[in-house]
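Chain naming here is simple, since letters A, B, ... match the order of the sequence lines and numbering starts at 1 in each.
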2 protein chains.
Amino acid sequence: MDPKTQGRFDALAAVIKAMAHPTRLFVVDELSRGERCVYELTELIGADISTVSKHLAVLKGCGIVEAQRRGSRIYYRLKMPCVLSFFGCVETVIKSDAEERLGYVE
Amino acid sequence: MDPKTQGRFDALAAVIKAMAHPTRLFVVDELSRGERCVYELTELIGADISTVSKHLAVLKGCGIVEAQRRGSRIYYRLKMPCVLSFFGCVETVIKSDAEERLGYVE
DNA sequence: TGGTTATTTGGTTATAATACCAAATAGCCT
DNA sequence: AGGCTATTTGGTATTATAACCAAATAACCA
């Protein structure tokens, strides 16, 4: 793979990697319904707040979400809603794979 | 997060994780233009063939690609072309983020 | 059968990701 | 200033990924 192509796919993979964690997908899904502060997300997720904060940093780091401080709280919102399009496709992949395993297909 | 929700996002993340590697994205992109055998992909990628084979196993394991043996060769093809829709969105995320860093936005 | 090509699997090592706790930082309120 | 709440950062231990080499398996052909 030539360096340019490699760089392109490295960059693509970096963004997809940011989505490749259950907690971060949950966050994206939750933020699709409106902005949330770290504490709200932490309650919903049920992990340590520092863990949630780090997941948010990953999503923010590649520009999928953005943060805004208002008073003592920091609100996160979905900046690139196109990532929601992943969900539909991935559900299809999962369903198709499950059906195949059950022997309905093939 | 209740167990059912957790399970749902675990499953979603598993598929997205399968896409979250430059080599596997390259394979998906390449297979979008037709089936390829392991050797052909290995040449294009330039890694050890065992490495490429393992990447293919990951993609096959979650049903994104499928394999078919014909003679001594095994041809892989894209089974879930909807994953190609990731590319457009991710390119947008990358571009938007790059522009922002350059100060064109905000 | 034996050799050759194509692919996968096992083993090992190196690197990266993730979780939690503790401590640091930031803003608010008295 | 001092205390309180909200969030991030640093540190560490655990687990997961990924690369390569070597060996195993599969199909073909002489």
Side-chain angles (χ1 to χ4, degrees), chain A residues 1 3 5-7 9-28 30-31 35-77, chain B residues 1 3 5-7 9-28 30-31 35-77:
Chain A
M1 209 175 343
T5 307
Q6 179 74 57
F9 286 101
D10 282 353
L12 288 166
V15 175
I16 295 179
K17 209 180 286 189
M19 296 284 291
H21 191 284
T23 299
R24 293 195 292 267
L25 286 175
F26 177 89
V27 166
V28 166
E30 185 61 29
L31 296 185
E35 59 178 24
R36 303 280 187 271
C37 72
V38 183
Y39 182 69
E40 289 172 311
L41 292 169
T42 300
E43 277 207 319
L44 292 168
I45 291 163
D48 193 276
I49 191 167
S50 71
T51 300
V52 174
S53 174
K54 279 172 186 172
H55 283 304
L56 289 167
V58 171
L59 290 170
K60 193 172 69 158
C62 69
I64 293 173
V65 307
E66 61 190 348
Q68 183 187 31
R69 180 181 278 277
R70 283 207 302 279
S72 59
R73 299 199 173 173
I74 299 180
Y75 289 89
Y76 280 83
R77 88 176 64 132
Chain B
M1 211 179 335
T5 307
Q6 179 74 56
F9 285 100
D10 282 353
L12 289 165
V15 175
I16 296 179
K17 212 179 282 190
M19 295 285 291
H21 190 283
T23 299
R24 293 194 292 265
L25 286 175
F26 177 89
V27 166
V28 166
E30 186 61 28
L31 295 186
E35 59 177 24
R36 301 281 188 270
C37 73
V38 183
Y39 182 69
E40 289 172 313
L41 291 169
T42 300
E43 276 208 318
L44 292 167
I45 292 162
D48 192 275
I49 191 169
S50 70
T51 300
V52 174
S53 174
K54 280 172 186 172
H55 283 304
L56 289 167
V58 171
L59 290 170
K60 193 172 67 157
C62 70
I64 293 172
V65 306
E66 60 191 348
Q68 184 188 28
R69 180 182 279 276
R70 283 207 300 282
S72 60
R73 299 197 172 174
I74 298 180
Y75 289 89
Y76 281 82
R77 87 174 62 117

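Nearest-nucleotide positions on DNA chain D place A:Tyr75 closer to the 5' end than the other of A:Lys54 and A:Tyr75.
Close to D:dT17, at under 4.0 Å from its OP1 or OP2, lies a side-chain N or O of B:Lys17. Considering only side-chain N and O atoms, B:Arg69 lies nowhere under 4.0 angstrom from the phosphate OP1 or OP2 of C:dA6. OP1 or OP2 of C:dC20 sits under 4.0 Å from a side-chain N or O of A:Thr51. Applying the 4.0 Å criterion to OP1 and OP2 of D:dA19, one finds that B:His55 has a side-chain N or O inside that range. At the phosphate of D:dT8, OP1 or OP2 sits under 4.0 Å from a side-chain N or O atom of A:Tyr76. Contact between the side-chain N/O atoms of A:His21 and the OP1/OP2 oxygens of C:dA19 is found at a separation under 4.0 Å.
Look at B:Lys60 and B:Glu66 and you find no salt bridge, because none of the NZ, NE, NH1 or NH2 atoms lies under 4.0 Å from a carboxylate O.
Pairing for D:dA30 goes to C:dT1, judged as Watson-Crick or G-U wobble with the two contacts each under 3.5 Å.
Counting non-hydrogen atoms under 4.0 angstrom, A:Ile74 reaches the backbone sugars and phosphates but no base. When heavy atoms are screened at a 4.0 angstrom cut-off, A:Arg24 is found touching the sugar-phosphate backbone but no base atom.
Atom CG in A:Leu56 sits about 17 Å away from atom P in C:dA17, given to the nearest Å. Atom pair B:Arg73:CZ and C:dT4:P shows a separation of 18 Å (rounding to whole Å applied). Summarising the geometry, the separation between CD on A:Gln68 and C1' on D:dT8 is reported as 18 Å, rounded to the nearest angstrom. To the nearest angstrom, P of C:dA19 lies 10 Å from CD1 of A:Ile45. When the P atom of C:dA17 is taken as reference, atom CG of A:Leu25 falls 16 Å away, rounded to whole Å. As a whole-Å value, the separation of A:Leu59 CG from C:dA17 C1' is 14 Å.
In the interface, the side chain of A:Ser72 is not paired with the base of D:dC4 through any donor and acceptor atom under 3.5 Å apart.
Closest approach to the A:Asp48 side chain among C:dC20, D:dT7, D:dA27 is made by C:dC20 (side chain taken as heavy atoms from C-beta onward). The side chain of B:Ser50 lies closest to D:dA22 when the candidates are C:dT7, D:dA19, D:dA22. The side chain of B:Ile49 sits closest to C:dT8 out of D:dA19, C:dT8, D:dT7.
Checking side-chain atoms of A:Arg70 against main-chain N and O of A:Tyr75 turns up no donor-acceptor pair under 3.5 Å. Between the side chain of B:Arg69 and the main chain of B:Gly71, a donor-acceptor pair closer than 3.5 Å is present. Of the possible polar contacts, none joining the A:Arg77 side chain to the A:Gln68 backbone as a donor-acceptor pair under 3.5 Å is found. Without hydrogens or angle criteria, B:Thr42 side chain to B:Val38 main chain gives a donor-acceptor distance under 3.5 Å.
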